[in-house]
Amino acid sequence: MKIVLAVPPVVRGSSFVGASLPPLGVCRIATVVNSQFPDIEVEVWDGVLLGQKELLRRTKMLVPDSIFGLSAHTSLNWTNCLELVQSTPSSVRIVIGGIHADYSRCGESIVRRLGYDVIQGRAESSFCEYIDFLEGRRPKHAVSNLIYLEDGVVKKNSIVIPSQATLPFPDYRRYLSLDEYAKNFHSNFLTGDIGFTMISPEGCKWQAMGSKESKYCVFCDIGTKFSLHEPKFFSDWILDHVRNYGNFGKVFMVDYADEATGAGLKWWKAVKEQMPQQLKPHENFVVKVYTKSGHGFFDSDEMAQALWDIGVEDIHVGFEAVTDDDLKSLQKGSTRRDHENLVRIAKRFNFRIIAAFVLGAPTATKDSLQECVRFVEWMKGEVGDKVAVVAGSPLFVLPGAPAWDMIKKKALEKGINLDLFSNDNPDLYRARELWYEWFCPRLCKECGGPVEAIEYAKSLGKTLAKMGSLPTPENEFG
């Protein structure tokens, strides 16, 4: 048996190549599989470095009885996943995973429409259980995190989060050309040296939580499916990377959601308490956190001190909008006052700010979007060049999110072909246009239509990108 784990590149937006981080998730899977099945050959195909044409060439040459695992990390590389699926020899078993398959009902839709098995969530242990199933040692219904088709009915097995402390440390260099990333990486974009993407405390790469009332933001309704990692594992993970990968393992990217998992003040303090003495925050490693304002995320000096103590220097803040109306319509659970409080705290602790805005709230107007520019100007007055990067883009509605369902419902009412908006084969650009047309009426009226509203948001995004102290690579997705 041979296993190939492939991560296709995004469909468009070549600028993503320079700013991409290596596909470390599939390396974790490969490491665990090789530790449990040393006789099985495992390869990782990195589409960012190989390119889609080379992936297609290799796919057509897969040997019979291989397992072909495809990671759809977002909707943006899903079309390339489908192209590889269509080129795969019939004797090869296909398994699909990645964040795209995790979104709400996307996994079920993939199974129903394509017939291939899907592994949701953390796949290290599940993939090994799947091998046991193929070799007759485990029934299919006992493979954790698996979605599959049985007698025409979609079956979903229980979600199980493996204990990371029991898994071997990922052998990245065995499967990836890390030096290529070191040469090509846009370090300025991430405001620092080359770094590893860090698994998040709650196991979800995206900041998926919103207001306390809804528990979800417009992007995803996956909720609290994923569990919190132990603080000791978190600190040990940093130690292993620094020890094994030197400068390349020096910088960590962390996303956390306090109200979903408890990864708040107590958790971050526990990380510091568990940290080995040889680890010196800010000296031999630094941490960058993705966060938002308000509700226990970054709302007090005590929280800021706890983050500084474990090495945080940069905060990537999903401000998304500035006016309270726009924030409420995006279900972000934050207010403008929360934003301003965060900036003042960051100033006291000398944190660097990477700010992001979504220019397409249902209540958006030209003036409310311009308020993002005025807010950044105010931030720069407060913290100067510590406003390192500013990014703004039109809203992209992702499959499986409540906003996606809003579009589909409206399309059904209007008799529009729903195949254009299937969860597993989405037309993101058409969906975005319809979002602005149907759900951003004030902005569309002011701009003269949805296409014009999107162009206005893109233009404003370019203005915001020039306001940071470091250059921001352009991309068409935002």
Side-chain angles (χ1 to χ4, degrees), residues 15 19 186-192 195 205-207 209-210 217-219 251 253-257 286-295 297-299 303-304 307-308 312-324 326-327 330-361 364 367-396 457-475 477-478:
S15 59
H186 284 302
S187 60
N188 277 345
F189 179 56
L190 294 176
T191 67
K205 183 176 179 180
W206 308 113
Q207 179 80 11
M209 305 313 296
C217 73
V218 300
F219 292 107
V251 181
M253 311 285 291
V254 184
D255 191 357
Y256 77 99
V286 296
V287 176
K288 306 169 189 294
V289 295
Y290 288 91
T291 184
K292 70 173 192 176
S293 64
H295 300 310
F297 287 90
F298 199 97
D299 61 354
M303 173 65 83
L307 292 174
W308 177 265
V312 173
E313 294 184 359
D314 291 359
I315 53 172
H316 297 236
V317 187
F319 289 112
E320 316 305 12
V322 175
T323 70
D324 286 342
D326 284 0
L327 287 165
L330 284 173
Q331 301 180 34
K332 292 307 297 182
S334 301
T335 65
R336 179 172 187 146
R337 179 175 292 183
D338 291 330
H339 289 357
E340 293 172 350
N341 184 45
L342 179 147
V343 173
R344 293 187 177 105
I345 294 171
K347 179 180 180 179
R348 288 196 288 275
F349 284 81
N350 206 31
F351 286 117
R352 193 157 42 179
I353 298 173
I354 291 83
F357 298 91
V358 172
L359 308 175
D367 188 64
S368 74
L369 296 188
Q370 286 290 341
E371 197 61 31
C372 297
V373 175
R374 292 190 283 269
F375 181 76
V376 174
E377 290 173 343
W378 172 80
M379 274 202 300
K380 293 173 70 174
E382 290 288 314
V383 300
D385 63 4
K386 287 295 181 179
V387 180
V389 174
V390 183
S393 68
L395 176 67
F396 247 45
K458 285 183 178 180
S459 175
L460 198 62
K462 291 179 180 179
T463 298
L464 289 167
K466 295 175 183 177
M467 298 181 74
S469 60
L470 293 173
T472 304
E474 287 190 15
N475 65 74
F477 302 111

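The figures that follow rest on heavy atoms only: side chains count, while hydrogens, waters and symmetry mates do not.
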Asks: What class does the angle between the rings of W308 and F351 fall in, given that below 30° is parallel, 30 to 60° is tilted and above 60° is perpendicular?
Replies: perpendicular
Asks: For the CG atom of L342 and the CE atom of M303, what is their distance to the nearest 0.5 Å?
Replies: 11.0 Å
Asks: So does R374 pair up with D367, basic N to acidic O under 4.0 Å?
Replies: yes
Asks: For the residue pair V376 and F357, establish whether any side-chain heavy-atom pair is separated by less than 4.5 Å.
Replies: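 Yes. Closest side-chain heavy atoms under 4.5 Å.
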Asks: Between L464 and G392, which heavy-atom pair has the shortest distance, and what is it?
Replies: CD1-CA, 4.0 Å
Asks: Compare every heavy atom of I315 with every heavy atom of A346, then report the nearest pair and how far apart it is.
Replies: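 Nearest pair, atom of A346 first, then I315: CB-CD1, 4.0 Å.
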Asks: I need the T323 OG1 to L369 CG distance, nearest 0.5 Å.
Replies: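 Between T323 OG1 and L369 CG, I get 8.5 Å after rounding to 0.5 Å.
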Asks: Show the nearest heavy-atom pair for residues A321 and D326, with the distance to one decimal.
Replies: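 A321 and D326 have their closest heavy atoms at CB-CB, 3.6 Å.
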Asks: Output the distance between atom OG (S459) and atom CG (L359), rounded to the nearest 0.5 Å.
Replies: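 The CG atom of L359 is 10.5 Å from OG of S459, to the nearest 0.5 Å.
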Asks: D299 and I345: which non-hydrogen atoms are nearest, and at how many Å?
Replies: C-CD1, 3.5 Å
Asks: Between F375 and V343, is there a side-chain heavy-atom distance shorter than 4.5 Å?
Replies: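 Yes - at least one pair of side-chain heavy atoms lies under 4.5 Å apart.
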Asks: Using modelled atom types and a 3.5 Å cut-off, is there a donor and acceptor pairing between side-chain atoms of N341 and backbone atoms of D338?
Replies: no
Asks: Do H339 side-chain atoms and V322 backbone N/O form a donor-acceptor pair below 3.5 Å?
Replies: no
Asks: List in chain and number order the residues that pass salt bridge (charged side-chain N to carboxylate O under 4.0 Å, His left out) with E382, two or more places apart in sequence or in another chain; answer none if no residue qualifies.
Replies: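 By the salt bridge (charged side-chain N to carboxylate O under 4.0 Å, His left out) rule, E382 matches K347.
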Asks: Do side-chain atoms of K380 reach the backbone of V387 as a donor and acceptor pair under 3.5 angstrom?
Replies: no
Asks: Strictly below 4.0 Å, N to O, side chains only: are D324 and R336 in salt-bridge contact?
Replies: no
Asks: Atom NZ in K386, atom CE in M379: separation rounded to 0.5 Å?
Replies: 14.0 Å
Asks: Output the distance between atom CG (L460) and atom CD (Q370), rounded to the nearest 0.5 Å.
Replies: 5.0 Å
Asks: As a test of understanding, state which of V389, V317, V390 forms a side chain to side chain contact (heavy atoms under 4.5 Å, CB included) with I354.
Replies: V389
